[in-house]
Amino acid sequence: MSSKVNFSFDNVLGVYYAGQIVSGTAELITERPKTIRSIYITVNGFVETRWQESVEKTGADGKPVKSLETYTTTEIFYSSDKYVYGQSGGSQLELPQGKYVFPFQATIPPQTPTSFNGTHGQIKHEVTLTIDRAVRYNNIFKQCFTVILPNDLNVKREHLQPLKRIEEKTFWWGSIFGNNKPMVMDVSTSYSAYVPGQKIHFHIVLDNQADVQCQDVKVRLFKNVIYRGKAGDKDQLKTTETRIADKHCGEVDKNNKAQFDEFLLVPPTTPTTMSERDPIRVNYTLRFIAKTFRLHGGGDMVVDFPLVIGTVPLQGSADDKGPGQKAQAPSTNGPYQTMTAPNFQEDVCTEHFESNTYKPRYPVYILNGQPAGGNSGKSSLPSLYPKAEDTPPAPPVHYTPNPVLPVGKPSAIVQKTPPYPVQAPAAVPAVGNNFEVLGFSIPPGYQPTPSAPTDAAGNIGWK
């Protein structure tokens, strides 16, 4: 390849919070001279969803015909362009062989949604460097970065409330043998909201009075994603459910009682979506399951709770010992005054939207059952990703001086295609006498080669 670009962010991991300034440099390396019009850098964020569903419509002959209908939506959150060399629609320039460094900077709007990559859609934030070629297709280089919309769990007091429920279930298998007693499950947690890296301590009492064996008591955390798309004037929702954490507690024989005090570790995952209007919404379900034989009838006993995943943990939750256990009260002067800074780890989910394989990074707190304060010292678990202070300084690199734009008359502005997706791209109007044939720009004043002369009979002089 004759050109390549290395993007570097001022934040080593390329992770920013909504409202911050994303900045860095784009290092362009060219192996041979290029004839170009300009070089510009775009910083943008957008959401895109797309999937297909089988629908049945009435054909021309009045018979039902099955076809695929595509649902899609696109929304641009922000976009900023900066020309680092040349100008829009400028004259042809010669870019010598060498290595060039171009800075970029943009402000992320305060309410920008968190980065996400899923099966049927994505919330993508990226930096794009475009080399506008004069007589060839443009060279486009892209690099994604992560944006996180803060979700402080301490803002809503209801997050401190525990999850608690008692459910019972009867099985027809027991009624055959004269035992109509139910299976009773009493479940509870310490809170109703957690952060990645935190342990969800739970308490389960399964009183199996039924004449049915419980094969296993399981606790699972599910990630639910709701995609919104549109086909014509028809709006459609698509929901997916992915298991991201699992805990097996054990079996409970019939006519027996068992108690389980365990925990489920929250992995790196997308925070819960706070807005109801976003095209992609993420929420979570904490599910308790008492698995039974299908032959016994009635199916498994299931208890579901909605769970909130945030970016800042509840004050005092780091010292959680489980439901009913007294935790140390938060103190303004104690170790809870300052939370430990999280590290940022890649999303645990493996699904991705079409060809986008980028995994966003989310804040993960290493609490280890200790108060989340500065007095707890450094975590004994090493971070999987480097922090800025742990990264050794890079050796100096010699760069070719950036070319100076020659002074000339300003040219007419030519509309360029944005690097992000658009639903209905508008046709680019012709400017002056310029026009394109198969992607090649024909300069104004171009005269075609004259045709071969003809004889008196009107025949071309070819043999």
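Using the six-membered ring where Trp is involved, Tyr227 and Phe116 have ring planes that are tilted, between 30° and 60° apart. In this pair, Tyr40 and Tyr83 present their aromatic rings tilted. The plane angle is within the 30 to 60° band. Under the 30°/60° scheme for interplanar angles, the aromatic rings of Tyr191 and Tyr194 are found to stand perpendicular.
Panel note: side chain Asp216, backbone Glu251; no donor-acceptor pair is recorded below 3.5 Å. The backbone N or O of His352 sits nowhere less than 3.5 Å from a side-chain atom of Asn117 that would complete a donor-acceptor pair. Of the possible donor and acceptor atoms, one in the side chain of Gln20 sits under 3.5 Å from a partner among the backbone N and O of Tyr17. Side-chain N or O atoms of Thr273 include one that pairs as donor or acceptor with a backbone N or O of Val282 at under 3.5 Å. Listed for the Thr311 side chain is a donor-acceptor partner under 3.5 Å among the backbone atoms of Asn151. Of the possible donor and acceptor atoms, none in the side chain of Ser38 sits under 3.5 Å from a partner among the backbone N and O of Tyr85. Using a distance-only test at 3.5 Å, with no hydrogens or angles considered, no donor-acceptor pair links the side chain of Thr189 to the main chain of Pro162. Thr285 places no side-chain N or O within donor-acceptor distance of the main-chain N or O of Asn224, the cut-off being under 3.5 Å. Judged by distance alone, the side chain of Asp132 and the main-chain N or O of Ile39 form no donor-acceptor pair under 3.5 Å. Although no hydrogens or angles enter the test, the distance criterion places no donor-acceptor pair under 3.5 Å between the side chain of Thr73 and the main chain of Thr49.
When every heavy atom of Lys82 is checked against every heavy atom of Pro103, the shortest pair comes out as NZ-O, 4.3 Å. Annotation for Thr292 and Cys214: closest pair CG2-CA, 4.4 Å, computed over non-hydrogen atoms. Here the closest heavy-atom approach between residue Thr146 and residue Ser115 is recorded as CA-OG, 3.5 Å. Scanning both residues, Val195 and Val266, for their nearest heavy atoms gives O-CB, 3.7 Å. Nearest heavy-atom pair, Phe344 versus Leu13, reported as atom, atom and distance to 0.1 Å: CB-CD1, 4.1 Å. Taking every heavy atom of both residues into account, Pro182 and Thr170 meet most closely at CB-CG2, 3.7 Å.
With sequence neighbours left out, the side chain to side chain donor-acceptor pair (under 3.5 Å) criterion links Asp235 to no other residue. Residues passing the side chain to side chain donor-acceptor pair (under 3.5 Å) test with Asn138, sequence neighbours excluded: none.
The environment of Glu351 atom CD is dense: over 12 non-hydrogen atoms of other residues, nucleotides or ligands sit within 6.0 angstrom. Under a cut-off of 6.0 angstrom, the local environment of CG in Asp61 is crowded, with over 12 non-hydrogen atoms contributed by other residues, nucleotides or ligands. Within a 6.0 Å radius of NZ in Lys254, no more than 12 heavy atoms belonging to other residues, nucleotides or ligands are found. Atom NZ of Lys218 is surrounded by more than 12 heavy atoms from other residues, nucleotides or ligands within 6.0 Å. Within a 6.0 Å sphere centred on CZ of Phe263, other residues, nucleotides and ligands contribute 12 heavy atoms or fewer.
Ile309 is listed as a side-chain neighbour of Pro196, based on a closest heavy-atom distance under 4.5 Å. Counting only heavy atoms from C-beta outward, the side chains of Lys321 and Asp319 approach each other to under 4.5 Å. Within the 4.5 Å cutoff, the side chain of Phe77 has heavy atoms near those of the Pro113 side chain. Residues Phe46 and Ser79 fail the side-chain proximity criterion, which asks for heavy atoms closer than 4.5 Å. You'll find the side chain of Glu69 reaches within 4.5 Å of the side chain of Lys57, heavy atoms only. Looking at heavy atoms from C-beta onward, Lys359 lies in side-chain contact with Thr350 at the 4.5 angstrom threshold. Put simply, the side chain of His201 does not reach to within 4.5 Å of the side chain of Asp261, judged on heavy atoms. For the pair Leu221/Thr269, no side-chain contact is recorded, criterion being any heavy-atom separation below 4.5 Å from C-beta on.
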Practice item. Might you work through the salt bridge (Lys or Arg N to Asp or Glu O under 4.0 Å) test for Arg287 and Glu241, ending with a clear yes or no? Key: CA-CA 12 Å; Arg287 181 169 298 167; Glu241 183 180 73; 3.2 Å; yes
Practice item. Output, in order, the C-alpha distance, side-chain angles, deciding distance and verdict of side chain to side chain donor-acceptor pair (under 3.5 Å) for Ser190 and Asp320. Key: CA-CA 7 Å; Ser190 302; Asp320 178 30; 2.8 Å; yes
Practice item. Test side-chain contact (heavy atoms from CB on, under 4.5 Å) on Thr30 and Tyr100 and set out the steps. Key: CA-CA 8 Å; Thr30 60; Tyr100 308 92; 4.0 Å; yes
**Study point:** Check against side chain to side chain donor-acceptor pair (under 3.5 Å), Glu48 and Gln122
**Key:** CA-CA 5 Å; Glu48 182 182 15; Gln122 61 182 349; 3.2 Å; yes
Point to revise | Derivation and outcome, side-chain contact (heavy atoms from CB on, under 4.5 Å), residues Leu286 and Tyr284 | key: CA-CA 7 Å; Leu286 183 62; Tyr284 293 87; over 6 Å; no
Practice item. Given side-chain contact (heavy atoms from CB on, under 4.5 Å), test Phe353 with Arg50 step by step and report yes or no. Key: CA-CA 9 Å; Phe353 179 67; Arg50 183 164 44 253; 3.7 Å; yes
Review point. After noting the C-alpha distance and the side-chain angles of Val43 and Val127, does the key distance pass the side-chain contact (heavy atoms from CB on, under 4.5 Å) rule?
Key: CA-CA 5 Å; Val43 182; Val127 180; 4.2 Å; yes
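Considering OG1 of Thr72 and NZ of Lys230, their distance stands at 11.5 Å, rounded to 0.5 Å. Here the CD atom belonging to Glu346 is positioned 8.0 Å from the OH atom belonging to Tyr358, to the nearest 0.5 angstrom. Considering OG1 of Thr128 and CD of Gln143, their distance stands at 10.0 Å, rounded to 0.5 Å. Note: Thr107 OG1 to Ile21 CD1 = 4.5 Å, rounded to the nearest 0.5 Å. Interatomic distance, CZ of Phe288 versus NZ of Lys247, reported as 12.5 Å (0.5 Å rounding). Taking CZ from Arg277 and CZ from Arg281, the interatomic distance works out to 11.5 Å, rounded to the nearest 0.5 Å.
Comment: Asp278 does not engage Arg228 in a salt bridge, judged by the lack of any side-chain N to carboxylate O separation of less than 4.0 angstrom. Ion pairing between Lys223 and Asp347 holds under the 4.0 Å rule for side-chain N and carboxylate O.
Of the N and O atoms on the side chains of Ser23 and Asp10, at least one donor lies less than 3.5 Å from an acceptor on the other residue. Between Asn283 and Thr272, the side chains place no donor N or O within less than 3.5 Å of an acceptor N or O (distance only, hydrogens not considered). Thr270 and Tyr362 share a side-chain donor-acceptor pair at under 3.5 Å.
The ring pair (Phe, Tyr, Trp, His ring centres under 6.0 Å) with Phe145 is formed by just one residue from the set Phe7, Phe9, Phe104; it is Phe9.
Every pair tested for salt bridge (charged side-chain N to carboxylate O under 4.0 Å, His left out) that includes a residue from residues 110-121 fails, sequence neighbours excluded, so the list is empty.
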